[in-house]
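Nothing here was measured: the structure is a model prediction, and the numbers come from that model.
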Amino acid sequence: MVGSIVEDRAVATNEDTRNRLAIYGTPVNHSVAPGLFDIIFPALGLPAFQYTAEDCATLSDPKNKWSTDMARPCALGSCITMPLKIEAMSHVDEMTPTARAVGSINTTYFRTLPSGETVHVGDNIDTEGVRNPLLTALTGIPSPFPPTMPRSFAPNTAAGLMIGGGGAARAAIFALAGMAVSPIFLVNRDPVETAAIVDQFKQLDIRPLEDVDAARAALAELDRSGTRLAVSVGAIPSVAPQTDAEKMVYATIEAIFSHVYDAAGVSSKATEFVALPAKPVHLEMAYKPRMTLIRQIAEKHGWQTLCGVEAVLEVCFEQCYAWTGRVVPLELKYTRPKSAD
């Protein structure tokens, strides 16, 4: 049933009464999304549409801000951020297959059934926030991508690294798997979180790396197989490590990023698959500060890195389509709010 609901995107007009949106979570005052949509909506001919940031720490209180706002007839949907991404799953009427697979939601919208009933749908578009910046970096083509553009590596050619174990990490793993990235090495400070991710994605080749020695051994085996570590995603706050577990994470990723990338045979010639990059690509999900500790380490060892703002912007562009049925024009994507600088 969800599939038919999701495809039923009515193209929004400025006269629509459902025209209020917000990002919910805590903290949200630093979000670039409200400033971005202040630019997007008027440019799309939707000046009556409004997007705000609303602090909401839990949904357990029946009078919480998110539930109250979503019950209003003007609600068009919402953006869900931490710490609500998992909790919100039990507060929507339906979930998309992607949201179920990832195990969290970051976007909600309303759809109408053939019966006339309106349902509140939970989706996970964080996956596009990972996939789109990586594909743009790998192909040189900005989103929205042409239908003929390849979106995955050839089988058994590209491995990936995932740093972190929260909801964003799950979305990133789902996105990497969709790009035929395998195996996916996982570095995380919390062994319970790590085990939960491996259990959730049983069908994928997820390989946790507990320390520097494990990382070096895994990379040596990868070299022997002919598969290259081509992409990486970081989803942890940029805070100096304090505990032994946090210090081990940084020591391990230092060893991984310093591993020599074999660019021999890499070709930019267009094929049915995404070409292996001349330099491996790392995407940060965090963007406070823009040059995070992990980005610094990756760039020091020759990796191409992408700021977390790029992931946030791509999520906003995809959410705009989910909410309004309108594609953000390419030229508008290069107009950024000051908060994104």
Report the C-alpha distance between F37 and L46 in whole Å, list the side-chain angles of each, state the deciding distance to 0.1 Å, and finish with yes or no for side chain to side chain contact (heavy atoms under 4.5 Å, CB included).
CA-CA 10 Å; F37 280 102; L46 303 172; over 6 Å; no
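- Using modelled atom types, one finds a donor on one side chain and an acceptor on the other under 3.5 Å when comparing S67 with N64.
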Assess whether side-chain hydrogen bond (donor to acceptor under 3.5 Å, both in side chains) is satisfied between S104 and N124, documenting all intermediate values.
CA-CA 7 Å; S104 67; N124 193 303; 3.1 Å; yes
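- When every heavy atom of A230 is checked against every heavy atom of A158, the shortest pair comes out as CB-CB, 4.0 Å.
- Heavy atoms of other residues, nucleotides or ligands lying less than 6.0 angstrom from CZ of R20 number more than 12.
- A perpendicular orientation is assigned to the rings of Y24 and W66, their planes being inclined by more than 60° (bins at 30° and 60°).
- Using modelled atom types, one side-chain atom of N106 and one backbone atom of I125 make a donor-acceptor pair closer than 3.5 Å.
- A cation-pi arrangement is absent between R151 and F145, since the terminal nitrogen or guanidinium carbon is not both under 6.0 Å from the aromatic centre and inside a 45° cone about the axis.
- Not a single donor-acceptor pair under 3.5 Å links the side chain of R295 to the backbone N or O of E284.
- For the side-chain contact (heavy atoms from CB on, under 4.5 Å) with D93, the qualifying choice from V119, T108, L113 is V119, the only one to do so.
- Summarising the local packing, CD of E210 is surrounded by 12 or fewer heavy atoms from other residues, nucleotides or ligands at distances under 6.0 Å.
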Show, in sequence, the C-alpha distance, side-chain angles and deciding distance for H301 and E254, and conclude whether the side-chain hydrogen bond (donor to acceptor under 3.5 Å, both in side chains) test is met.
CA-CA 9 Å; H301 294 294; E254 178 91 40; 2.6 Å; yes
Using the rule given for side chain to side chain contact (heavy atoms under 4.5 Å, CB included), can you reason through Q296 versus T305, listing the C-alpha separation, both sets of side-chain angles and the distance that settles it, and then say yes or no?
CA-CA 9 Å; Q296 293 177 45; T305 70; over 6 Å; no
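- A tilted orientation is assigned to the rings of W323 and Y51, their planes being inclined by 30° to 60°.
- In this structure, SG on C56 lies 11.5 Å from CD1 on I23, to the nearest 0.5 angstrom.
- Relative to the six-membered ring of F174, R170 misses at least one condition, a distance below 6.0 Å or an angle of at most 45° to the axis.
- Looking at T52 and E54, their side chains do bring a donor and an acceptor atom within 3.5 Å of each other.
- Checked against I236 for a side-chain contact (heavy atoms from CB on, under 4.5 Å), the options T292, I294, I253 give a single hit: I294.
- At most 12 non-hydrogen atoms from other residues, nucleotides or ligands lie less than 6.0 angstrom from CG of N156.
- In this structure a side-chain-to-backbone donor-acceptor pair under 3.5 Å is present from R326 to A12.
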Residues D126, V102; criterion side chain to side chain contact (heavy atoms under 4.5 Å, CB included); working and verdict:
CA-CA 10 Å; D126 277 335; V102 172; over 6 Å; no
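- A salt bridge links E128 and R131; the closest N-O separation between the charged side-chain nitrogens and carboxylate oxygens is under 4.0 Å.
- Across every non-hydrogen atom of G103 and M89, the tightest pair is O-SD, 3.1 Å.
- At a cut-off of 3.5 Å, with distance as the only test, no side-chain donor of T107 or D123 sits close to an acceptor on the other residue.
- Counting only distance, with no hydrogens or angles, the side chain of T136 and the backbone of I141 share a donor-acceptor pair below 3.5 Å.
- Once rounded to the nearest 0.5 Å, the distance linking CG of L313 with OG of S143 reads 10.0 Å.
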With side chain to side chain contact (heavy atoms under 4.5 Å, CB included) as the criterion, how do Q319 and L21 come out once you've worked through the C-alpha distance, each side chain's angles and the decisive distance to 0.1 Å?
CA-CA 11 Å; Q319 286 175 325; L21 296 148; over 6 Å; no
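- In this structure, NZ in K279 is found 6.5 Å from CD in Q304, a value given to the nearest 0.5 Å.
- Between F257 and W303, the ring planes are perpendicular. Angles over 60° get that label, and only those under 30° would be called parallel.
- Between E87 and S60, some side-chain heavy-atom pair lies under the 4.5 Å cut-off.
- Minimum interatomic distance between G164 and N188 (heavy atoms only, all atoms of both residues): C-OD1, 3.5 Å.
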